[in-house]
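Just so it is clear, the model here is predicted, and its values are computed rather than measured. Note on naming: letters A, B, ... go to the chains in the order of the sequence lines (proteins, then strands), and numbering restarts at 1 for each one.
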Number of protein chains: 2
Amino acid sequence: MPTLKDVAKASGVSVMTVSNVVNGRPRVSEATRRRVLAAVDELGYQVNLTARSLRAGRSGTIALSIPRADHPYFAELAAAVTDALRPAGRHLVIEQTGASREGELSALSQARLQMYDGVLLSVVGMHDDEVARLQSDMPLVLLGEKRMPDHLDQVMLGNFDGAHLATAHLIARGARHIAIAGGTRDPAETGMVGMRTAGWRAAHVEAGLVPDERLVLPPLHFEMSESREQIRTAVAEGLPIDGVFAVTDQVAIGVMAGLHDCGLRIPDDVQVVGFDNLAVSAHLTPGLTTVDPRTDLVVEESLRLLDRRLSGDDVQVEHLVMPVRLVVRGTTR
Amino acid sequence: MPTLKDVAKASGVSVMTVSNVVNGRPRVSEATRRRVLAAVDELGYQVNLTARSLRAGRSGTIALSIPRADHPYFAELAAAVTDALRPAGRHLVIEQTGASREGELSALSQARLQMYDGVLLSVVGMHDDEVARLQSDMPLVLLGEKRMPDHLDQVMLGNFDGAHLATAHLIARGARHIAIAGGTRDPAETGMVGMRTAGWRAAHVEAGLVPDERLVLPPLHFEMSESREQIRTAVAEGLPIDGVFAVTDQVAIGVMAGLHDCGLRIPDDVQVVGFDNLAVSAHLTPGLTTVDPRTDLVVEESLRLLDRRLSGDDVQVEHLVMPVRLVVRGTTR
DNA sequence: GTGAAAGCGCTAACAC
DNA sequence: GTGTTAGCGCTTTCAC
């Protein structure tokens with residue numbers, strides 16, 4: 001690869017002048033500029049971003065760390081962040097952690113994160129203390145499901161509120177035996193699953209109902225095929241189910257398929273509500289009633305918090321919980 | 001951030017020795033090693049990967065460049081590549097290039113790719129001349145839809161074969177008025193849309209049928225809502241349709257929703273086949289018959305080609321077209 | 001075993 | 001307007 005030096009030699013000026021031209025800085029005569037650009041073209045010069053980053057101390061790049069790209073919620077999040085960054089000419093790269101603690105630890109090695117100007121971090125498997133050890137002096141915003149260490153900025157979804165909204169809606173529409181697909185019986189669980197289960201419970205209690213613990217179908221890997229199988233088994237076992245709150249839309253899609261396999265009609269026999277408002281959810285038959293996690297707000301707030309850090313202001317840590325809303329479609333009456 | 005120099009000072013050795021310890025090189029006495037590691041711990045030293053990359057000329061990272069992360073096909077591709085790389089402990093980042101309207105590979109994003117040891121580049125939507133301008137001396141494999149310049153390794157999907165398979169299947173199952181959702185009437189179109197349309201045509205011809213040009217529904221943005229609207233309009237206009245080959249599963253999902261909106265039953269009134277075999281397609285009601293693009297093979301071959309380049313062997317350029325297969329589900333009879 | 005010197009490619013700061 | 005100098009943090013080379 002040709003370097004600035006090569007271009008300088010070819011056009012008979014100094015490296016610095018080439019740098020000035022390449023970076024569009026003023027105070028370069030039109031003649032020189034043309035000569036330099038000609039040499040750039042001829043040699044096929046490309047700026048070496050590694051060298052620029054080392055020198056400048058900034059890379060102009062932000063990283064978004066997500067568990068898996070094929071998890072549609074995170075894929076849609078990634079696209080939303082990219083879109084939000086584009087107008088400002090900033091660049092995003094996506095790091096995948098593989099939804100495991102080990103993966104997070106390696107992908108998020110301090111050394112790697114240092115390459116970025118800032119990091120938006122979706123934490124799933126890492127332990128609290130591991131997250132806590134992350135350099136607090138680098139611009140970092142947690143997109144957490146669960147409550148994370150106090151010294152780091154964090155934007156959380158309205159997990160509890162959304163689950164509550166979803167379950168209350170099912171109750172309002174007449175469901176009385178509401179399973180939670182992907183819920184937990186473990187009260188110590190404080191992650192996404194724990195909070196959404198808590199919302200499911202709370203909505204029951206508020207309506208004067210007692211949540212049926214048999215209808216807590218434990219989380220698998222949030223995969224459609226597993227959820228499909230799980231709900232089929234539950235129905236086959238004779239559990240009384242006339243409503244399902246699925247902790248994610250992916251799970252909900254599996255549940256819908258499984259109910260259909262059992263010959264049950266949605267919403268006539270069983271009503272279903274999901275969580276995530278995936279793009280596909282609007283186009284299922286019937287359309288999936290779901291909780292909109294307001295990814296737009298999550299992105300907006302995350303970038304606001306990150307920008308504060310990037311601008312170097314020494315500001316207060318913020319922990320935000322975003323509002324959610326219910327999108328009612330055909331899977332509920 | 002502390003540097004090698006700081007650690008060297010703190011432990012009373014030279015920078016070089018610290019580097020040797022940090023990189024686990026031999027020929028360092030046990031006593032020195034311990035002393036250095038103690039200083040590393042104390043100062044919280046982290047290697048600066050930018051500096052290392054600049055000096056070493058390698059970053060240890062591979063990039064996968066895709067148009068958008070929320071395009072499920074690419075999201076699933078990204079996850080598949082990551083999974084394939086994980087056992088070897090190699091690192092992948094996802095770059096989104098194609099999301100911009102014009103000039104997908106701007107000078108800057110080209111330079112960005114140089115930061116990586118190797119790049120898997122999805123060239124959907126890129127213009128031929130853009131691709132031709134790509135530095136051919138960097139390890140690069142094109143994941144192309146259309147035939148690309150000869151000097152670059154390329155792995156292509158079986159676009160023509162898949163479309164042919166899908167359409168022939170519809171014909172075999174009795175469809176005689178087969179629309180192509182996302183097809184083109186422009187014979188000069190050589191991209192994914194062109195090749196899949198060519199497959200649709202060829203299957204007609206082989207069966208002694210004449211493809212109905214009115215049933216070529218032009219490509220929009222491969223979004224579900226647009227396709228839904230499009231098929232509704234086509235049906236409302238009274239076009240005779242008893243089968244639809246959708247150029248992607250996303251389009252197919254929109255088509256299914258649109259047909260349902262019109263009160264048409266699938267597969268009884270209209271049969272549908274998609275292309276991509278997305279994870280969600282198996283769990284729709286009815287399940288979507290679709291072309292499996294064999295992403296597993298695409299990934300395997302791409303990485304093989306990339307590894308050849310990475311190992312520096314000066315090898316023959318390869319252009320591969322992967323086989324496809326049809327997955328028959330409920331949207332066809 | 002350990003260290004000194006050179007330089008990867010770039011740009012900030014300053015001189016002319 | 002243009003050039004010179006210095007140095008970002010690291011590793012390669014070679015001397016001791």
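Neither side chain, A:Ser53 nor A:Thr50, offers a donor N or O lying under 3.5 Å from an acceptor on the other. Between the side chains of B:Thr248 and B:Asp276, no donor-acceptor pair is found at a separation under 3.5 Å. For the residue pair A:Thr61 and B:Arg112, a side-chain donor N or O sits within less than 3.5 Å of a side-chain acceptor on the partner.
We find that CE of A:Met16 is positioned 16 Å from P of D:dG1, with the value rounded to whole Å. In this structure, the CE atom of A:Met115 is 13 Å from the P atom of D:dC10, given to the nearest Å. Rounded to whole Å, the distance from CD on B:Gln114 to P on C:dG9 is 12 Å. Put simply, CG on B:Leu54 is 18 Å from P on C:dA6, counting in whole angstrom units. Rounded to whole Å, the distance from CG on B:Leu49 to P on D:dC10 is 9 Å. Separating the CG atom of B:Asn48 from the C1' atom of D:dG9 is a distance of 6 Å, rounded to the nearest angstrom. One atom, CG of A:Asn20, and another, P of C:dT11, lie 9 Å apart when rounded to the nearest Å. One interatomic measurement links the two molecules: NZ of B:Lys9 to C1' of C:dG3, which rounds to 16 Å at whole-angstrom precision.
Comparing D:dG9, D:dG1, C:dG1 by their nearest atom to the side chain of B:Thr3 picks out D:dG9. The side chain of A:Leu4 sits closest to C:dT11 out of C:dT11, C:dG1, D:dT2. Considering only the side chain of B:Val15, D:dT11 comes nearest among D:dG9, D:dT11, C:dG1. Proximity note for A:Val28 (side chain, C-beta onward) versus C:dC10, D:dT2, C:dA4: the nearest is D:dT2. Comparing D:dC10, D:dT2, C:dT2 against the side chain of B:Thr32 picks out C:dT2 as the nearest. For B:Arg25, the side-chain atoms get nearest to D:dT11 when compared with the rest of D:dT11, D:dT2, D:dC10.
Between A:Ser19 and C:dT11 there is a side-chain polar atom (N or O) within less than 4.0 angstrom of OP1 or OP2. Phosphate proximity of C:dC10 to A:Thr50: absent, as no side-chain N or O sits under 4.0 Å from OP1 or OP2. Considering only side-chain N and O atoms, A:Thr17 lies nowhere under 4.0 angstrom from the phosphate OP1 or OP2 of D:dT2. Taking side-chain N and O atoms only, B:Arg52 has a distance below 4.0 Å to OP1 or OP2 of D:dT11.
Nucleotides of DNA chain C nearest to B:Pro26 and A:Ala56 differ in position, and the one nearer the 5' end is that of B:Pro26.
Within 4.0 Å (heavy atoms only), B:Asn23 reaches sugar-phosphate atoms of the nucleic acid but no base atom.
The existence of a salt bridge linking B:Arg90 and B:Asp307 is confirmed by a sub-4.0 Å separation between a basic side-chain nitrogen and an acidic carboxylate oxygen. We find that B:Arg68 and A:Glu76 are not joined by a salt bridge, their nearest charged nitrogen and carboxylate oxygen being 4.0 Å or further apart.
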